[in-house]
Amino acid sequence: MPQIHVDDSTIERLDNLREEDEDYDELINELMNIYEASERTLFHAGDEY
């Protein structure tokens with residue numbers, strides 16, 4: 001599995017977002033899903049015309 005380096009400030013931000021026993025993989029997947037959903041919303045926002 002690939003490894004990445006994450007700054008301490010990023011880890012702090014992730015820790016603030018984590019819920020109880022949630023691991024980093026779950027949190028990152030959730031954040032990616034939110035990002036992708038908002039990206040789709042922005043993409044389709046122009047389709048209302």
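Please read all numbers here as calculations on a predicted model, not as lab measurements.
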- Remaining members of hydrophobic cluster (4.5 Å side-chain criterion), I34: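 Other cluster members: none.
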- Query: Should side-chain heavy atoms under 4.5 Å link Ile, Leu, Val, Met, Phe, Trp and Tyr, which residues sit in the same cluster as Y35?
  - Reply: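 In the cluster with Y35 there is nothing else; it is isolated.
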- Task: With sequence neighbours left out, write down each residue that passes salt bridge (Lys or Arg N to Asp or Glu O under 4.0 Å) with D21, or none if nothing qualifies.
- Result: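 Partners of D21 under the salt bridge (Lys or Arg N to Asp or Glu O under 4.0 Å) test: none.
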Extract all donor-acceptor atom pairs below 3.5 Å that involve side chains of residues 5-16 and protein atoms in other chains or at least two apart in sequence.
{"unit_1": "D15", "atom_1": "OD1", "unit_2": "R18", "atom_2": "NH1", "d": "3.2"}
{"unit_1": "D15", "atom_1": "OD1", "unit_2": "Y24", "atom_2": "OH", "d": "2.5"}
{"unit_1": "N16", "atom_1": "ND2", "unit_2": "E12", "atom_2": "O", "d": "3.3"}

- Message: Once salt bridge (charged side-chain N to carboxylate O under 4.0 Å, His left out) is applied, what residue pairs with a partner in residues 25-34 remain, sequence neighbours excluded?
- Response: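 Pairs touching residues 25-34 that pass the test: none.
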